[in-house]
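It should be emphasised that the depicted structure is a prediction, and the values quoted were computed from it without experimental measurement.
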Amino acid sequence: MLIYFGAFGKLPTKEYLKQLENPITSTIYASDNEPIGYYFLQNRSNADSTQISKYLKEALVATEDSRFYTHSGIDYKSYGRVFIKSILLGQNAGGGSTVTQQVAKNIFGRQKQFFLSTPINKIKEVFIAKRIESIYSKEEVLLLYFNTVSFGENIYGIEKAAYRFFNKPPEELSLSESATLIGVLKAPSYYNPRTNPERATTRRNVVLSQMVKYGFITEEEMQAAKIPLVLDYQQPKKVASSYFKDMVADEFTKWAEANPAEDGHIYSLEADGLSIYTTINPTIQKYAEKALNRQVENLQILMDQYWDAATTEGGKEALLNTLVDQNLKVKSLRSQGKKESEIEAFIQQKKKRKYWVVGKGYEGKLQSLKDSIEKSINRLHGSVLVMSSTSGRILGYVGGIDYGFSQIDNIKTPRQVGSTFKPITYLAALEAGQDVCSYYNNNLVTYEEYENWQPRNATGGYGGSYSMHGALANSINTVSVNIQLKTGIERVLAQAKKMGIESTLPEVPSIVLGTADISLLDMVTAYASISNGGNKIKPYAIERIIDEDGVVIYEAKPKYGDRVAGYTHVKQLQKMMEGVIRSGTGLRLTGYGIPYNLIGKTGTTQNNGDGWFIGASPEVVIGAWVGTYDKRAQFSTTKMGSGSYTALPIVGSVFHDLSTWKRPILTNFIYDFDYFPCPPYLEMNAKEAFEFAKSDTLYVQNLRIQDSLRVLSELPVPMDSLLGNNPILIKSDSILKDSTAADINSLLKN
């Protein structure tokens, strides 16, 4: 009576049961309309009555509930059998639950009680089963069962099971196949036909025997069905990373909250059985995943050998010793008064400790405690985003090295962006009236009004003067700060917002050097407006949404915003960013054999904690980030930790793969001029340089000669095997002056 009146949880009313619905899996599709993932509370879909074959019904009744058609939800004879054999005689007589009671369990689950959980839940199922039978016909009860029962492998419902194991709809299952799936229900893992085919075959034969026993099939039909088990197993497709699924879910949630269904309920990915068609291109996604995984794997080898802790007094040894001292076991040994020699022996003892291997999970690795701590703090992470610059469609999305290891989405997480911010400042400067052939002194300046701030160049080189295009190509910090101050911080911040930067930006002059924390998604969006000629776009991942009845309830329309800048200024910036690739910090990109004149910009943050590169064609923008989560650990030199070494090879690899398509999606940038009419650098002060450049007639002529010789020679840029180019040719950028550590060539040889 306590259970009936709800002391252990309210029973569902008849009114509620009349509207009984089951949560149905929503499917996510790639741009080729192939399924790539699912959203579900339970991985199920609903079959209709025409899909439940005679074989399935008869096999279920014969095996699970032989008196199904004669009882009213409760089989009292079965309970008598259980009482006598299982309780009095101690024999295993199975359970007494009917199919209807199992429907109640499948739909409403079982709650843990303070005591007597099993009998309380069983009695609740009795009441629910009686109510279900008073509302639904026997055929409808069977349909509810087949749509809610678990077949293992986190799939629910006969339709999912039929496709998973036999790649066919349930109505096309043969007698043998139907008996196999019904046999699975007794213990889905134990009788899984993929992992345990012999057990599954034995169990199938038991089901067939039961069908003969209760007169559903003949002996001859049973013998004919006892054929070798043949599966057409469909491995769940896994093209879209879980990071992308989370991104789609976020976009969907915002849409759903603003667009409720006609009946007023908020659409749910986990319950409404929706089809979500996305913009992700499975081929490009594979390119991006391959490029990121390969590069981070290679870089981790270097990081393990050549990492440092520049922000910690005493360097990495001091940092490691501090972290070891903070270990709970070490602190416990010290509190027990153990000798330092004993504690040191514990610290240095090598044993198998958990280490996450990308793509595999935790594996035992022979390490000391100190080794284990070191491996945890110098672990490199990364992300890569591929976007259509003309529409905002997201074509490739890899938010991290392994979702199982870290669910942090490095595409959406704001990080210091380094010199990738400079093009935004330079565009604001052009809009403010500055000229690409204006020259600026390359002097080390102390700004007293900003607490004696003294921005330095990565190379440590000063003197002479740079034109605006030369300063951007070579990522000259001293000149960039000058341009920033001349333009005005407020104007630069406004320009960033125009281009799609939604992150909160600090109102400080160092923003031009990338001290702001901005997400890769925001930065790629901003670069899209540069590469497409000046139109602001809105990134999106969902192309259309179709409900369970096949009705299109949403269809995306690319959102084009206002222009971010004048056409001429955008084209000038594009040409300046082409200079980054042709002769500046992005020169490494020329080693990837990409037959298009791409634009881009590198970025490296303080102490080499973050490496960035964003590259673009007129149609596609690709951005990558590589760095550590623990900013106390970083590469010991900018030669290894700069964006040109860490992030650029990822972007270069994806662009190279895209350039091999028979029907290319890439094209060249087209300009009204071949060269800027002024040298990027002159060994004279800015005023003299400006006057000289106006009268110089040889600079452009020499460029034409050099380009002609380059075409005639057709010699590729030398490449190294690890990172994509000859390191001697590469320039780097950073907020801080580069260290004096040995060249990467000698490091690699060692």
(message) Does K245 qualify as a cation-pi partner of Y39, given the criterion of NZ or CZ under 6.0 Å from the six-membered ring centre and within 45 degrees of its axis?
(response) yes

(request) Measure the acute angle between the ring planes of Y629 and H381, then classify it against the limits of 30° and 60° as parallel, tilted or perpendicular. (result) parallel

(request) Would you check, one step at a time, whether the test side chain to side chain donor-acceptor pair (under 3.5 Å) holds for T585 with S475? (result) CA-CA 7 Å; T585 58; S475 205; 5.2 Å; no

(message) With side chain to side chain donor-acceptor pair (under 3.5 Å) as the criterion, how do E257 and T253 come out once you've worked through the C-alpha distance, each side chain's angles and the decisive distance to 0.1 Å?
(response) CA-CA 6 Å; E257 289 175 351; T253 299; 6.0 Å; no

(message) Salt bridge check, E251 against K412: does any charged N sit closer than 4.0 Å to a carboxylate O?
(response) no

(request) Using a cut-off of 6.0 Å, state whether more than 12 heavy atoms not belonging to Q336 lie near its atom CD. (result) yes

(message) Is it the case that atom NZ in K538 sees more than 12 heavy atoms from other parts of the structure closer than 6.0 Å?
(response) no

(request) Heavy atoms only: give me the nearest I622-V654 pair and the separation to one decimal. (result) CD1-CG1, 3.6 Å

(request) Taking all non-hydrogen atoms of both residues into account, name the closest pair between P506 and I511 and its distance. (result) O-CD1, 3.7 Å

(message) Could you check whether Y466 and Y681 have their ring centres less than 6.0 Å apart?
(response) yes

(request) Would you mind reporting whether P649 and F613 have side-chain heavy atoms less than 4.5 Å apart? (result) no

(message) One pair to check against side-chain contact (heavy atoms from CB on, under 4.5 Å): V492 and Q495. What are the steps and the verdict?
(response) CA-CA 5 Å; V492 171; Q495 184 66 58; 5.5 Å; no

(message) Can you confirm whether more than 12 heavy atoms, excluding those of E313, are under 6.0 Å from its CD atom?
(response) no

(message) Evaluate Y403 against Y243 for ring-ring contact (aromatic ring centres under 6.0 Å, His included), listing each step before the verdict.
(response) CA-CA 7 Å; Y403 190 83; Y243 299 102; 5.0 Å; yes

(message) Go through it in stages, so that I can follow the logic: the residues are R456 and Y462, the test is side chain to side chain donor-acceptor pair (under 3.5 Å), and I'd like the CA-CA distance, side-chain angles, deciding distance and then a yes or no.
(response) CA-CA 9 Å; R456 297 173 177 267; Y462 304 95; 4.6 Å; no

(message) Using side-chain heavy atoms (C-beta onward) and a distance below 4.5 Å, is P455 in contact with Y447?
(response) yes

(message) Quick check on L366: does its CG atom have over 12 non-hydrogen neighbours (other residues, nucleotides or ligands) under 6.0 Å away?
(response) yes

(message) Do M577 and L598 have side chains that approach each other closer than 4.5 Å (heavy atoms only, starting at C-beta)?
(response) no

(request) Give the intermediate values and the outcome of side chain to side chain donor-acceptor pair (under 3.5 Å) for residues Y426 and S480. (result) CA-CA 8 Å; Y426 279 62; S480 297; 2.8 Å; yes

(request) Inspect the contact between E344 and K370 and indicate whether a charged nitrogen and a carboxylate oxygen are less than 4.0 angstrom apart. (result) no

(request) Among N477, T478, N474, N482, find the residue that satisfies the side chain to side chain donor-acceptor pair (under 3.5 Å) test when tested with N442. (result) T478

(request) Heavy atoms only: give me the nearest R582-L587 pair and the separation to one decimal. (result) O-CD1, 3.3 Å

(message) Please give me the minimum heavy-atom distance between Q454 and T446, naming the atom from each residue.
(response) NE2-OG1, 2.9 Å

(request) Report yes if the side chains of Y450 and V508 come closer than 4.5 Å at any heavy-atom pair, otherwise no. (result) no

(message) Closer than 4.0 angstrom, basic N to acidic O: yes or no for K290 and D657?
(response) yes

(message) For a quick test of reading the model, state the closest non-hydrogen atom pair linking L520 to G623 and the distance between them.
(response) CD2-O, 3.7 Å

(request) Output the distance between atom CD1 (I518) and atom CD1 (I424), rounded to the nearest 0.5 Å. (result) 6.0 Å

(message) Check this for me: E342, atom CD, are more than 12 non-hydrogen atoms of other residues, nucleotides or ligands nearer than 6.0 Å?
(response) yes

(message) If the threshold is 4.0 Å, N to carboxylate O, is there a salt bridge linking D304 and K375?
(response) yes

(request) Please say whether more than 12 non-hydrogen atoms of neighbouring residues, nucleotides or ligands are located less than 6.0 Å from NZ in K329. (result) no

(message) Quick check: do T604 and F635 have side-chain heavy atoms less than 4.5 Å from each other?
(response) no

(request) Could you tell me whether the side chain of L493 reaches within less than 4.5 Å of the side chain of E507, counting heavy atoms only? (result) yes

(request) State the CG-CD1 distance between L395 and I280, to the nearest 0.5 angstrom. (result) 7.0 Å

(message) Please determine whether the number of non-hydrogen atoms from other residues, nucleotides or ligands lying under 6.0 Å from atom CD of E490 exceeds 12.
(response) no

(message) Just so I know, are the side chains of L385 and V621 near enough to count as touching, which here means a heavy-atom distance under 4.5 Å?
(response) no

(message) Would you say that more than 12 heavy atoms from the other residues, nucleotides or ligands in this model lie under 6.0 Å from the NZ of K338, or not?
(response) no

(message) Restricting to non-hydrogen atoms, name the atom on S383 and the atom on L292 that form the minimum distance, rounded to 0.1 Å.
(response) N-CD1, 3.7 Å

(request) Taking the side chain as every heavy atom from C-beta outward, state whether P423 and L573 have any atom pair closer than 4.5 Å. (result) yes

(message) For a salt bridge (charged side-chain N to carboxylate O under 4.0 Å, His left out) check, start with the C-alpha distance between R353 and D371, then their side-chain angles and the critical distance, and finish with the verdict.
(response) CA-CA 10 Å; R353 302 175 191 269; D371 292 336; over 6 Å; no

